[in-house]
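Heavy-atom basis, side chains included; hydrogens, waters and symmetry copies ignored. As the structure lists them, so they are numbered: ligands from 1, and atoms in each ligand from 1.
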Amino acid sequence: MSRIAYVNGQYVPHKDAAVHVEDRGYQFADGVYEVCEVWKNNIVDMPRHMDRLGRSLSELRIDWPMTRKALEFVLAETVRRNKVHNGLVYVQVTRGVSRRDHFFPPEDVAPSIVVTARSASPAAADKQAETGISVVSYPENRWPRVDIKTIALLPNVLAKQNAKESGGKEAWYVDADGNVTEGGSTNAWIVTKDNKLVTRPAESGILKGITRTAVLDLAEKEGLSFEERAFSLEEAYDAREAFVTAATTIVMPVVKIDDRIVGNGHPGMVASRLRQLFHTVTDLKAV
Ligand code: PLP
């Protein structure tokens, strides 16, 4: 089946999908994006993704490319046209196409929008979760506004590539105080030896992950003890468990950080339980 993309008002074959060379996303990374999980044909946590997209747009003073309702429809329609049962839907909005100039373009320049969707195998993700992943620490080198989900991801690309070349699947940023901020494309968590779930507060220094929020809700419902506070890389090395969260990975156990084995080197009980619970909740929403 050939893939379909939505580009500036039209559904087009994915292989022909293109934006103008003077799109500000292309030239200045002047845009924002969202990635949502698709689970059993349903876009998971759509309202929270739309809220965050609205916040990112407003922080950068980019207009909505269409009404929120219309955008929700385009996302669902792109998922439908690509026959994505389980997978991801991606939406990117940029400040539009205009002659290259750092200043904002004239007011009549409309934002550009691209939506794509692709299938992913839940079985492959579950298999990965059975063994867990390794992460590799990396000095925090991003701008302070990482709370905005911008398409300017070069630091993340370099950090993740470094992790890959060191045998890891994800990078963990470590700030000047020695604290873990987040992953290259995930939020970072540990479970302490006294069974407390810990993740960094989302006020600054991290992107407030939609999956992070959903997992905090789950932890609360399950009566798990949790703390939103900074944790150091040293504390993570000594933790009972570690894991990452994102729409792309849901809850993914971390079994190694740099050259240090976490816990007993196997996915922890808390991470595995949260992963399973997350699917149970999204199952209920999908019916
Ligand atoms: N942190 C960063 C830097 C990310 O890029 C992402 C996802 O892309 C996340 C955290 C996780 O966010 P979410 O759970 O909304 O996917």
### Message
I'd like to know if Asp51 and Lys208 make a salt bridge, using a cut-off of under 4.0 Å between side-chain N and carboxylate O.
### Response
no
### Query
Does Gly184 come within less than 4.0 Å of ligand 1, judged by its heavy atoms?
yes
### Message
So if I count the atoms of ligand 1 from 1 in the order they appear, which ones are less than 4.0 Å from some heavy atom of Tyr33?
### Response
5 (O), 8 (O)
## Note on the structure
of all protein heavy atoms, closest to atom 13 (P) of ligand 1 is Ile210 N, 3.6 Å
### Task
Return the option from Arg52, Arg212, Glu182 holding the heavy atom at the smallest distance from atom 1 (N) of ligand 1.
Glu182
### Query
Do the charged groups of Arg200 and Asp175 touch, with an N to O distance under 4.0 Å?
yes
### Query
Quick one: does Tyr173 get a heavy atom under 4.0 Å from ligand 1?
no
### Minimum-distance protein heavy atom relative to atom 16 (O) of ligand 1
Ala247 N, 2.8 Å
### Message
For Lys196 versus Ser225, what's the shortest heavy-atom pair and its separation?
### Response
CG-OG, 3.1 Å
### Asn187 neighbourhood, listing ligand 1 atoms whose heavy-atom distance to it stays under 4.0 Å
10 (C), 11 (C)
### Message
For atom 6 (C) of ligand 1, what's the nearest protein heavy-atom neighbour? Residue, atom name and distance, please.
### Response
Ser185 O, 3.3 Å
### Task
Distance to 0.1 Å, residue and atom name: give those for the protein heavy atom nearest to atom 14 (O) of ligand 1.
Thr211 OG1, 2.6 Å
### Query
Quick one: is the NZ or CZ of Arg142 closer than 6.0 Å to the six-membered ring centre of Tyr173, and within 45° of its axis?
yes
### Message
Is the contact between Thr186 and ligand 1 made by the side chain, the backbone, both, or neither, using heavy atoms and a 4.0 Å cut-off?
### Response
backbone
### Arg240/Asp194 ion pair, N-O < 4.0 Å
no
### Query
Quick one: which of Ile190, Asp258, Val262 gives a side-chain contact (heavy atoms from CB on, under 4.5 Å) with Tyr237?
Asp258
### Query
For Phe104, is the NZ or CZ atom of Arg95 found under 6.0 angstrom from the centre of its six-membered ring and inside 45 degrees of the ring axis?
yes
#### Entry: Donor-acceptor side-chain pairing of Asp23 and Thr94 below 3.5 angstrom
yes
#### Entry: Output field: ring centroids Trp39/His279 closer than 6.0 Å
yes
## Note on the structure
Note: ligand 1 atoms sitting under 4.0 Å from heavy atoms of Gly183 are 3 (C)
### Task
Answer with yes or no whether Lys149 contacts ligand 1, where contact means a heavy atom under 4.0 Å from a ligand atom.
yes
### Query
What is the closest protein heavy atom to atom 12 (O) of ligand 1, and at what distance does it sit?
Gly209 CA, 3.4 Å
